[in-house]
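Lettering follows sequence order; numbering is per chain, from 1. Worth saying up front: this structure is predicted, and the values here are computed from it rather than measured.
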Amino acid sequence: MDTALPPRLDPASLEKPLYARWKEEGVFHVTPKEVLEAGREPYVIVIPPPNVTAVLHMGHGLNNTIQDVLIRWRRMQGRAALWVPGTDHAGIATQNVVERLLQRDGLSRQDLGREAFEERVWAFVKETGGTILQQLEAIGASCDWERTRFTLDPELSRAVREVFVRLYEKDLIYRGEYIINWCPRCLTALANEEAEGHEVEGRLHHLRYPLPEPAWEAAARARSAGAEALGKDEQGRWYLTVSTTRPETMLGDTGVAVHPDDERYGGLVGVEVELPLTGRRIPIVADAFVDPEFGSGMVKVTPAHDPNDFEIASRTGLEILNILEPDATLGENAPAAFRGMDRFQARKEVLSALKVAGLYGGEEVHTHSVPHCYRCDTVVEPRLSDQWFVRMRPLAQPALAASLDGTITFHPDRWTRVYQEWLENIRDWCISRQLWWGHRIPVWYCQDESCQEVICAREDPAECPACGGSSLEQDPDVLDTWFSSWLWPFSVFGWPEETDDVKAFYPGHALVTAPEILFFWVARMIMAGYEFRGEAPFTSVFLHGTVRDAQGRKMSKSLGNGIDPMEVVDRFGADALRFTVLSMCGVGTDIHLDHEDLEAAFAPGRNFANKLWNAGRFTLMSLGDDPVPSLDEVEPHLELADRWILSRLSDASEQMTRSLERFRIHEVTERGYHFFWGEFADWYLELVKPRLRGEAGGESRQAARATLVRVFDGVLRLLHPLVPFVTAGLWERLPWPEGAERPDSLLVAPWPEPVEAWASPEAETAMSSLQELITRIRSLRKEYGVPEGADVSLVLPAVSAALDRALTGESRALAGMAKVAQVSRGEGQGVGAHDVLPDGTEIFLPLEGVVDLDRERSRLKQEMDRLAGQLTGIRKKLENRNFVERAPEAVVEKERDKAFQMEAQRGKLEEKLMILEGR
RNA sequence: GGGCGCUUAGCUCAGUCGGUUCAGAGCGCCUGCCUUACAAGCAGGAGGUCGCAGGUUCGAAUCCUGCAGCGCCCACCA
């Protein structure tokens with residue numbers, strides 16, 4: 001037997017070689033044949049593809065550990081378990097990274113030109129792109145690496161184009177001029193979901209627009225009718241007041257709006273007011289959007305820079321005036337004085353110009369939500385521009401139905417409604433991005449003046465199908481990254497080809513991700529699944545929490561509070577990392593890890609793996625070299641402990657399976673932990689030690705060996721999905737009962753199912769009585785100062801049936817675990833400790849001759865004296881009126897509490913002393 | 001403005017159908033042990049008005065109502 005295992009688990013030397021072997025043996029690889037021909041039931045997870053430029057962080061660590069648990073578990077259940085890995089080209093993110101690199105050399109992407117820039121990005125991706133996937137190997141992810149995909153792979157790009165053309169042909173993709181979220185730094189359009197609102201404390205500025213003299217009379221009437229927006233300056237000139245948080249937009253105002261039913265302003269509709277600083281005049285219009293109750297009931301209209309104002313303009317026919325350039329500097333439509341200015345600079349300048357003109361009506365503090373770019377955190381600018389959109393309503397219908405009829409379930413369940421509400425209120429998806437890195441929009445425009453055909457095609461057209469002209473220009477924009485990700489569950493299998501992979505592995509089963517991308521990705525994948533395959537891409541969505549630091553802050557590079565999973569793996573091992581995060585993975589709760597003390601943060605996992613390692617070491621060492629009999633052979637000789645632990649194993653299998661099915665990850669971990677540590681290691685191994693040494697005879701030893709092998713095998717199988725390395729390392733060293741068939745690898749060893757024949761309520765009750773008894777005796781021993789090594793005897797006046805059975809043949813257990821040398825029946829007499837078990841059994845521990853009574857008595861007395869001394873001190877303090885009246889309530893309360901506790905403690909000691917004195 | 005979630009031991013969190021696996025775990029703390037698998041361990045222990053106030057019930061951490069604090073998501077209120 002291999003006794004050369006070190007007493008401390010060394011993950012570094014264990015994990016790497018094991019993983020290399022798994023890869024080599026191809027256990028992670030699944031072929032469609034296994035499903036289509038051999039009829040194995042598939043189980044498929046597609047990885048949420050990390051950004052190709054990403055480096056593994058703890059969020060990935062958690063996400064992929066959970067997926068790996070599910071995959072390994074299903075694999076052991078005999079499913080054709082396929083986990084497809086890959087990366088996302090991450091349009092904006094990747095382009096930003098490379099642009100930043102270029103910037104260091106003083107270059108911009110424009111300097112390189114489109115083609116050279118794309119090449120540059122490709123080179124970067126090829127050089128660094130595999131990093132994160134290699135890191136996944138280090139945490140034990142059992143992905144099918146022969147199937148690694150990238151969203152810009154030719155096959156996947158083909159799927160993207162196919163989808164674009166199909167939707168275009170169904171009129172579900174359209175192009176149009178709308179207000180979209182624009183990032184002035186990334187210089188691209190963003191989808192609604194990509195603009196994140198952050199609460200910002202800003203200013204609400206009140207601006208005055210002068211009314212022309214002919215309208216003054218009407219204004220005066222309106223004012224007396226309660227029109228708060230109207231006012232008169234010292235010279236008696238009337239003006240109206242509008243408010244805005246973005247004063248610079250006033251340069252693009254083309255109107256002022258009131259509610260059509262707002263009687264106060266009725267007489268002013270149609271009047272043209274003077275727009276300060278511009279020399280323009282703009283009309284007052286009526287539109288139902290305006291809330292007469294809010295503010296003054298009058299609102300400035302900037303159609304090109306506010307989505308609502310755009311709507312108002314399209315209803316009332318107001319002019320649309322774009323004053324901002326893509327980089328958010330003021331453009332040619334702005335007055336000359338402001339042209340070229342940045343929007344924030346312009347804001348200041350506009351305000352001071354208005355002040356000079358006496359047209360500033362003051363400001364107030366105003367907290368509101370301001371949209372920021374989800375990639376670079378720049379304040380997003382609503383901007384009118386020509387973009388491509390997907391009509392989402394028709395796509396949303398089946399996706400919504402799937403959640404309503406239970407085809408797709410969300411875990412935790414509360415996300416179902418979040419998902420449904422988003423789908424019910426879905427808006428069209430802006431899919432064009434003004435970037436160079438991504439899938440180019442497959443649309444060409446015929447340059448022939450008289451033709452101007454728009455061509456959307458699967459293959460690049462050589463000539464215009466309408467006029468035959470060869471001067472075609474492709475749309476310069478690329479598609480939103482998510483436009484390729486939403487196809488991931490089938491594009492990775494070669495769709496639109498009807499490949500064997502598609503047939504075998506679509507639809508998949510579980511999707512594991514963070515709630516942040518529920519809308520970005522999950523919902524859209526479901527929509528795409530129905531639209532292009534007629535079937536949901538998976539049936540369960542598991543949404544886990546976010547990894548945070550000890551203060552509850554999200555881990556981020558800028559805060560420097562991140563934890564590098566690779567460092568954790570190096571120091572404590574992948575198993576430690578996995579177990580730690582899994583055990584903290586409560587339902588819908590975030591995970592807190594202290595980045596400043598990795599030692600403490602990952603101790604639970606490291607300790608667990610090490611304990612498992614040592615239990616394995618012990619098991620291997622104490623089994624001995626002789627052949628292990630099968631459980632059947634030793635059946636007649638099984639003892640209470642054997643039957644009990646088998647019963648527990650069966651129970652653990654059942655509960656862990658149930659929890660896995662319901663995605664209750666922390667339950668799985670907790671049950672595994674307690675079964676292994678609290679039941680197997682703490683009790684079974686201890687109980688079985690003397691038997692393994694042969695002290696109880698050959699039959700007992702063989703029964704123990706057969707049970708031990710069987711149960712430890714069960715332990716390793718149950719824990720393997722959680723801590724694959726240490727379990728596999730031990731499992732392959734575990735001896736095997738003669739004649740039993742041994743699976744090739746723990747990875748494909750059958751998942752333990754509950755065994756009905758093992759379930760033994762009798763053994764369970766008997767064992768818990770025995771455990772209770774042992775615990776009480778240990779407790780009494782401590783309490784009465786019985787030396788560690790000293791034997792005691794036990795007197796049991798009346799014994800419950802269960803305990804009686806337990807004690808029959810288990811006196812060795814008492815000897816081993818509680819140092820009870822002798823058990824006798826009868827009434828306890830003389831000096832000794834009494835206790836009563838929960839079932840009413842009275843126990844008595846004679847202490848005469850065991851405990852040095854004199855010493856113990858004086859020790860007790862000494863302790864009582866010490867207590868008494870402290871007590872008088874506290875009492876004096878409490879009697880001191882100065883203290884009681886002047887000290888804070890809490891402090892006094894604490895002192896009282898202390899006194900109370902000491903009082904109780906003294907009572908206990910007194911009682912003990914009486915017992916030791918034989919009274 | 002709407003919606004959701006959380007509040008249980010010093011810290012981080014479990015707690016399913018309302019009731020003998022309900023007041024739990026890990027970490028931390030105290031005491032004693034280097035007992036031949038493990039000191040990254042073993043044994044024993046201290047520590048909680050289950051956010052607050054009502055209600056339903058024979059019985060509430062659990063169900064209902066209100067309140068407070070914290071967090072998240074969505075939304076076009078200038």
*Separation between the C1' atoms of B:rG10 and B:rA46, rounded to whole Å*: 12 Å
*Gap in Å between the two C1' atoms, one belonging to B:rA14 and one to B:rA9, rounded*: 13 Å
*What residue among A:K782, A:R781, A:R778 forms salt bridge (charged side-chain N to carboxylate O under 4.0 Å, His left out) with A:E788?*
A:K782
*What interatomic distance, in whole Å, is found between P of B:rU62 and the corresponding atom of B:rA53?*
13 Å
*How close or far is atom P of B:rA75 from atom CD1 of A:I426, stated in whole angstroms?*
12 Å
*Student check: side-chain heavy atoms of A:F680 and A:F712 closer than 4.5 Å*: yes
*Glycosidic conformation of B:rC17, taking syn as within 90° of 0 and anti otherwise*: syn
*Which base, if any, makes a Watson-Crick or G-U wobble pair with B:rU20, both distances under 3.5 Å?*
none
*Nearest-Å distance for atom pair CD/P, residues A:E686 and B:rC33*: 19 Å
*A:Y673 has an atom OH; how far is it from atom C1' of B:rC27, in whole Å?*
10 Å
*Quick one: does NZ or CZ of A:R648 land under 6.0 Å from the six-membered ring centre of A:W677, within 45 degrees of the ring axis?*
no
_Distance between C1' atoms of B:rG5 and B:rC13 (Å, rounded)_ = 15 Å
*asked:* Could you tell me how far B:rC4 sits from B:rU12 if I compare only their C1' atoms? Round to whole Å.
replied: 23 Å
*Could you verify whether a donor N or O on one side chain and an acceptor N or O on the other, from A:D253 and A:Y209, lie under 3.5 Å apart?*
yes
*Between B:rA68 and B:rA25, how far is it from one P atom to the other, in whole Å?*
35 Å
*asked:* Rounding to an integer number of Å, can you tell me how far A:D309 CG sits from B:rC76 C1'?
replied: 9 Å
*B:rC63 to B:rU7 separation - P atoms, rounded to the nearest Å*: 11 Å
*Please state how far atom CZ in A:R671 lies from atom C1' in B:rA25, giving the value in whole angstrom units.*
14 Å
*Does any donor-acceptor pair link the side chain of A:R8 with the base of B:rA40 at a separation under 3.5 Å?*
yes
*Would you mind reading off the distance between A:R414 atom CZ and B:rC72 atom P, rounded to a whole angstrom?*
14 Å
*Going by heavy atoms in the side chains, are A:L251 and A:V350 under 4.5 Å from each other?*
yes
*Gap between atoms CD and C1', on A:E599 and B:rG26 respectively (whole Å)*: 16 Å
*asked:* In this structure, how many angstroms lie between the P atom of B:rU35 and the NZ atom of A:K819, rounded?
replied: 12 Å
_Using the P atom as the point on both nucleotides, what is the distance between B:rG48 and B:rA43, in whole Å?_
24 Å
*May I ask you to say what A:S583 touches in the nucleic acid, namely base, sugar-phosphate or nothing, with a heavy-atom cut-off under 4.0 Å?*
nothing
_Would you say A:S779 places a side-chain N or O within less than 4.0 Å of OP1 or OP2 belonging to B:rG45?_
yes
*Carefully, step by step, assess A:N607 and A:F579 under the rule side chain to side chain contact (heavy atoms under 4.5 Å, CB included).*
CA-CA 10 Å; A:N607 294 357; A:F579 191 86; over 6 Å; no
*Checking all strands, does A:A603 fall into the base, sugar-phosphate, or nothing category for heavy-atom contacts under 4.0 angstrom?*
nothing
